[in-house]
Protein chains: 2
Amino acid sequence: MSDKQTGRTMPKAQNIADEVRRRIVELKWRQGERIPDEADLAVEFDAARATVNKALQVLADEGLLDRKRRAGTRVAINPVRKATFSIPIVREQVEEAGMAYSHRVVAQRFSPIPAQIAARLGLPEGERLVHLRAVHYADGRPYQLEDRWLNPRAAPGLQQAGFRDLNANEWLVRNAPYLRAEFSFSAENADRRDARLLQTRQGQALLILHRTTWNDLGPITTVRVAFQPGHCFGAHEGRDQGSNT
Amino acid sequence: MSDKQTGRTMPKAQNIADEVRRRIVELKWRQGERIPDEADLAVEFDAARATVNKALQVLADEGLLDRKRRAGTRVAINPVRKATFSIPIVREQVEEAGMAYSHRVVAQRFSPIPAQIAARLGLPEGERLVHLRAVHYADGRPYQLEDRWLNPRAAPGLQQAGFRDLNANEWLVRNAPYLRAEFSFSAENADRRDARLLQTRQGQALLILHRTTWNDLGPITTVRVAFQPGHCFGAHEGRDQGSNT
DNA sequence: CTGATATATATGTCTATACTTATTTTAAGG
DNA sequence: CCTTAAAATAAGTATAGACATATATATCAG
């Protein structure tokens, strides 16, 4: 009843979480039903309450359980579950695929922000930020296109960095950690400029990612990324195989 | 130094996490640098090591810290951070926007799966599954289009459910909890059929979401969702404001 | 019956302590 | 010098105990 998957002994809390998950998936404990309280589960699994608590917190974070003081723990009625994806550094992504990375800055100037960008950043319209447009290439073929606005007030040292050599993507990752980020995915038909820079035809469906990041000084950057046609962006949910914990 | 944001006293572990995050964002502790060990931080913050451990685990899960036994804790070199988004129930999403929800099943039959679907599900080509195509409407206008394959072997009771009345999306959420899910976003130009069902023109860029879910009996369902033109899908990262914990 | 108040209870959080385990560092042996 | 073994160390995990806090339920006054 402990370590079936690998030969390794799993932590007790994880075994408990797995078993509870199993009972939910196998409909032994159904949606909305109350499950035994921590004290009872602690007895059943021969563990301390703190251990059971940790296991159930994990499941609550996953959205599988709803927990409330005094009211107990219930299987979530509609498991609004959260999927995760990670934002890789473009160069690493390209190189990991065994291709040669390069990038080209198409335009870079200090200019007043249009209304749409101002709204997204929460800054007054007309404020002057660094506007940067660049193309990332994989083996010489366009890989993605970025149209970015940078806020020097939130990223000290930004003025010095000339993005001809080091790309903005990478400079930001290494020099401007953020506290909060917002994303959105959408689809757009390539306009004339998109088509030219991505070397595709006008009207081609493009996957568009908007991303904005903030730190405690304010908005750092907002970017519109247009991916090469056919590119897809993966995410997943469930046991996290590798990495930490 | 405790509760600045709200008047409420925040848990100690969260204060510690916030403070460490602040030090990273303000570059007091830089990328790749080793930070004090749990015991030292416990002294600094006047907390038990377990509390510090919990705070740092959170940051490690966020991808902000790299932790290794004996080697200590370092600020992540390239913070491959994870963004989360949630998959809402279509009907609720529509109704929350104050619109009337309806849906229509376009086709439903038991048929052998094509190679591409077989690959995605990990099932042999030609296996017979339920194939379902439906349109979701908001205030009578097409909202999204789904093309779904359902595996009755992994979802007992599925055969009985006729999806004319109850939509598949909702039936699955309530009756077939899953253990693992995979997603991908992409963009496609609407083909003739997409255009007709979404009442748009052929060639229109559409945001496409592929999603596949599994439980311990195997793959449950895989679906291709085509959103109405202009629709975007949001995600975010950072302190999670509401809900659990 | 209604509304205010008290009580009970399940989860939330923290602590001190202990032991485990991966990994680095050091020491020993060839 | 290289290889191997031992020691040291920092995180990983578990535990019993304690107190905090939200909230469901019971109790009581009107």
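Nothing here was measured: the structure is a model prediction, and the numbers come from that model. No hydrogens, no waters, no symmetry mates; every other heavy atom, side chains included, goes into these values.
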In this structure, how many angstroms lie between the [atom2] atom of [N] and the [atom1] atom of [X], rounded?
X: B/Arg34; N: D/dA11; atom1: CZ; atom2: P; result: 7 Å
X: A/Glu38; N: D/dC19; atom1: CD; atom2: P; result: 19 Å
X: A/Arg69; N: C/dG12; atom1: CZ; atom2: P; result: 7 Å
X: B/Gln14; N: C/dC14; atom1: CD; atom2: C1'; result: 14 Å
X: B/Asp66; N: D/dA11; atom1: CG; atom2: P; result: 13 Å
X: A/Met10; N: D/dG12; atom1: CE; atom2: P; result: 15 Å
X: B/Lys68; N: C/dT23; atom1: NZ; atom2: C1'; result: 8 Å
X: A/Asp37; N: C/dA8; atom1: CG; atom2: C1'; result: 13 Å

Subject >> For B/Trp149 against B/Thr221, the heavy-atom pair lying closest together >> reply: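 It is O-OG1, 2.8 Å.
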
Original post:
In terms of the nearest nucleotide of DNA chain D, which residue is placed more toward the 5' end: B/Leu56 or A/Arg70?
Top reply: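 Nearest nucleotide further toward 5': that of B/Leu56.
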
Subject >> Atom pair CD1/CG of B/Ile77 and B/Asp66 - distance to nearest 0.5 Å >> reply: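 Rounded to the nearest 0.5 Å, the CD1-CG separation comes to 5.0 Å.
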
**OP:** I would like to know whether A/Tyr143 and A/His231 meet ring-ring contact (aromatic ring centres under 6.0 Å, His included); could you show each step before the answer?
**Re:** CA-CA 9 Å; A/Tyr143 186 74; A/His231 186 96; 5.7 Å; yes

Subject >> Donor-acceptor pair between A/Gln57 and A/Asn53 side chains, under 3.5 angstrom >> reply: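 Side chains of A/Gln57 and A/Asn53: pair found under 3.5 Å.
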
Subject >> salt bridge (charged side-chain N to carboxylate O under 4.0 Å, His left out) against B/Glu38, all qualifying residues, sequence neighbours excluded >> reply: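 Salt bridge (charged side-chain N to carboxylate O under 4.0 Å, His left out) check on B/Glu38 returns B/Arg49, B/Arg67.
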
Subject >> Under 3.5 Å donor-acceptor pair, A/Arg67 side-chain atoms to C/dA10 base atoms >> reply: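 A donor-acceptor contact between them is absent.
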
Subject >> B/Phe227 ring center near A/Phe185 ring center (under 6.0 Å) >> reply: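 Ring centres of A/Phe185 and B/Phe227 not closer than 6.0 Å.
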
Original post:
OP1 or OP2 of D/dA10 sitting under 4.0 Å from any side-chain N/O of B/Thr73?
Top reply: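 For D/dA10, OP1/OP2 do not have a side-chain N/O of B/Thr73 under 4.0 Å.
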
Original post:
Any idea how A/His103 and A/His136 line up, ring-wise: parallel (<30°), tilted (30 to 60°), or perpendicular (>60°)?
Top reply: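 Parallel, since the angle between the ring planes stays under 30°.
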
Original post:
Contacts to DNA chain C from residues 39-54 of chain B, heavy-atom cutoff under 4.0 Å, which residues?
Top reply: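 Only B/Asp46, B/Ala47, B/Ala48, B/Arg49, B/Ala50, B/Thr51 qualify.
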
